[in-house]
Undergrad: 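My questions all concern the structure below.
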4 protein chains.
Amino acid sequence: MASVNKVILIGNLGKDPEVRHLEGGVAVARFPLATSESYKDKNGQKQEKTEWHNIVLWRGLAEVAEKYLRKGQSVFIEGKIRTSQYQDKEGNQRYSTEIVADNMTMLGGRSDSGNGSSGYQESSASTNTGESSYSGGSKSVAQNDEPDDLPF
Amino acid sequence: MASVNKVILIGNLGKDPEVRHLEGGVAVARFPLATSESYKDKNGQKQEKTEWHNIVLWRGLAEVAEKYLRKGQSVFIEGKIRTSQYQDKEGNQRYSTEIVADNMTMLGGRSDSGNGSSGYQESSASTNTGESSYSGGSKSVAQNDEPDDLPF
Amino acid sequence: MASVNKVILIGNLGKDPEVRHLEGGVAVARFPLATSESYKDKNGQKQEKTEWHNIVLWRGLAEVAEKYLRKGQSVFIEGKIRTSQYQDKEGNQRYSTEIVADNMTMLGGRSDSGNGSSGYQESSASTNTGESSYSGGSKSVAQNDEPDDLPF
Amino acid sequence: MASVNKVILIGNLGKDPEVRHLEGGVAVARFPLATSESYKDKNGQKQEKTEWHNIVLWRGLAEVAEKYLRKGQSVFIEGKIRTSQYQDKEGNQRYSTEIVADNMTMLGGRSDSGNGSSGYQESSASTNTGESSYSGGSKSVAQNDEPDDLPF
DNA sequence: TTTT
DNA sequence: TTTT
């Protein structure tokens with residue numbers, strides 16, 4: 001049936017990306033992303049609440065993340081929610097929710113190496129599946145094309 | 001810091017909403033929402049993968065859900081991701097991820113009672129915080145105004 | 001620079017799609033899409049305001065639109081805003097704003113031929129660039145891959 | 001009927017905001033916002049295409065824009081599309097498309113005065129209608145609450 | 001020009 | 001008219 005599962009996040013990386021290169025050369029990157037919301041509590045005191053999101057990127061996006069994304073930087077992420085089931089060591093059913101990115105844009109932010117945006121934009125013709133190039137010859141890579149045989 | 005946490009879903013209710021009315025008259029509704037994605041496996045066979053989302057609605061949206069939403073129906077949900085920590089009975093840290101809705105639009109779909117859209121639209125001036133009414137006198141209810149003292 | 005241009009619409013077709021098949025076999029479909037917002041005016045009277053959007057679809061999405069979309073039906077559209085300049089007959093600069101779709105999901109709605117959703121879902125493995133198939137062999141079509149030499 | 005009209009933009013201000021303060025103290029701010037997309041042309045040359053959006057903000061958001069937003073800065077805008085009709089001087093029907101913001105987040109970017117983000121975040125408890133405060137006492141301002149009697 |  |  002008609003179905004949409006879309007997430008849009010702007011936040012900061014809690015750690016450098018962890019990248020694995022799978023058999024076949026496929027890259028997967030993961031990092032925690034913080035979004036924060038401020039509000040006033042019942043005493044009128046300003047409070048901040050931080051939400052942590054587990055971001056997963058595949059292939060080209062993972063490679064961009066590996067090269068250019070660092071802890072503290074700000075990114076725009078577009079993707080979808082995916083909850084995986086797994087058994088913990090006691091054999092109980094557990095759930096883990098991740099955001100599988102299909103688009104990413106660096107927004108700069110706190111960085112050790114100047115403006116992270118530029119390098120990324122230079123080196124990657126298109127990490128944006130949806131908006132990519134309307135030139136005749138261009139190829140758009142589906143960023144969440146995951147092989148079926150991955151160890152999830 | 002600059003932060004955005006936004007989710008957009010279109011899917012079907014897996015169950016009727018469960019609604020609690022808290023002290024103070026605040027209503028909270030919850031239901032599982034399915035989004036489905038179809039893809040071809042390595043043998044070219046069409047497969048479908050269903051994602052289940054835990055939807056939470058507050059106040060006016062919860063009341064609309066209680067009155068008009070039923071298992072099987074299709075809804076558009078706009079909201080944000082929130083992951084809560086809790087201790088399980090063995091004292092382990094667990095995480096539960098929910099979508100806190102701040103906007104909802106009924107799309108009809110399989111229903112026991114005709115087109116669910118109409119009733120809802122008639123009875124609710126505005127469940128859409130963001131888009132609500134630009135008349136001078138209208139009031140917009142912040143849908144995710146949660147009391148601080150809720151039992152989470 | 002960091003840039004995002006994203007539109008999400010749910011609305012009804014004001015007309016059947018107009019489809020052109022260009023040299024090279026590329027299809028382009030266009031239709032007006034209505035979104036409506038209700039609000040109360042200063043006298044407390046309920047009013048409705050309709051917004052009309054010019055939707056443009058390319059290639060695979062255009063072909064799906066041609067086959068399955070009809071006046072009155074409800075669709076979810078994800079895309080981007082594009083404003084074109086042109087000269088009117090008096091030689092004045094004019095602007096025309098369109099939504100170039102890169103994703104489309106039929107939601108049914110009033111239709112002459114039953115539930116429009118099903119046929120579309122059956123016949124199209126993936127019109128959803130962003131969410132498409134994570135099987136190894138699947139191909140994702142970039143929906144807004146426009147040839148450069150189109151007569152705009 | 002079920003309807004959604006949502007726009008998400010990240011881009012740069014082409015000019016400082018123009019702000020009007022209407023009778024009754026209501027503020028309206030306008031500015032052009034650029035989003036850019038790069039693609040390769042048929043010769044493999046990298047090209048950039050810039051889209052200009054007419055942003056309109058009301059009340060609290062307009063006041064934040066007036067105080068903190070300047071030409072060149074980067075902002076996240078969430079809002080809706082609105083096309084207005086008007087007569088040009090020759091009496092022809094013309095259309096003008098704007099994005100009416102209901103949420104805005106400053107992302108910094110090129111600025112004459114350091115990081116624009118901070119000041120804004122300090123001084124404005126909540127310009128984010130949708131996500132605002134779940135404290136008991138907080139008030140959420142409907143950002144697109146337009147008086148009916150405005151001179152459009 | 002849609003839908004409710 | 002922005003930004004890279």
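Just so you know, these numbers use all the heavy atoms, side chains as well, and skip hydrogens, waters and symmetry mates. Just so we're on the same page: letters track the sequence lines, and every chain starts at 1.
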Undergrad: What is the distance, rounded to the nearest whole Å, between atom CD of E37(D) and atom P of dT4(F)?
TA: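 My rounded result for the distance is 18 Å.
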
Undergrad: Got a sec, which residues hit side-chain contact (heavy atoms from CB on, under 4.5 Å) with E18(D), two or more places apart in sequence or on another chain?
TA: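 None.
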
Undergrad: Return the value, rounded to whole Å, for the distance between atom CD of Q47(D) and atom P of dT4(F).
TA: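 To the nearest whole Å, that distance equals 19 Å.
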
Undergrad: Tell me: CZ of R70(D) to P of dT2(F), nearest whole Å?
TA: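 It is 16 Å, rounded to the nearest whole Å.
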
Undergrad: Please check this pair: side chain of D16(B) against backbone of K71(B), looking for a donor-acceptor N/O pair closer than 3.5 Å.
TA: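 Judged by distance alone, yes, a pair lies under 3.5 Å.
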
Undergrad: Can you check whether L9(B) reaches F76(B) side chain to side chain, under 4.5 Å on heavy atoms?
TA: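 Not in contact.
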
Undergrad: Quickly work out the L9(C) CG to dT1(E) C1' distance and round it to whole Å.
TA: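 From L9(C) CG to dT1(E) C1': 16 Å.
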
Undergrad: Let me know the distance between CD1 of I99(D) and P of dT2(F), rounded to the nearest Å.
TA: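 Those two atoms, CD1 and P, are 20 Å apart.
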
Undergrad: Under 4.0 angstrom, heavy atoms only, what part of the nucleic acid is T50(C) near: base, sugar-phosphate, or nothing?
TA: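 Base, at least one base heavy atom under 4.0 Å.
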
Undergrad: I10(C) CD1 to dT4(E) P: how many Å, rounded?
TA: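 Result: 15 Å.
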
Undergrad: Side chain of P32(C) only, heavy atoms from C-beta on: which candidate in dT2(E), dT1(E), dT1(F) is closest?
TA: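 Among the listed nucleotides, the one closest to the side chain of P32(C) is dT1(E).
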
Undergrad: Looking only at side-chain atoms of N12(D), point me to the closest of dT4(E), dT2(F), dT2(E).
TA: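 Of all the options, the side chain of N12(D) is nearest to dT2(F).
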
Undergrad: Whole angstrom is fine here: how far is it from CG in L107(B) over to C1' in dT2(E)?
TA: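 After rounding, the gap between these two atoms is 16 Å.
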
Undergrad: Would you please name every residue forming a side chain to side chain donor-acceptor pair (under 3.5 Å) with T83(C), sequence neighbours left out?
TA: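 Applying side chain to side chain donor-acceptor pair (under 3.5 Å) to T83(C) gives T97(C).
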
Undergrad: Specify the separation, in whole Å, of atom CD of Q73(C) and atom C1' of dT2(E).
TA: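 Interatomic distance, CD of Q73(C) to C1' of dT2(E): 11 Å.
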
Undergrad: Please pick, from dT4(E), dT4(F), dT1(E), the nucleotide with the shortest atom-to-atom distance to any side-chain atom of E48(D).
TA: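 The closest nucleotide is dT4(F).
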
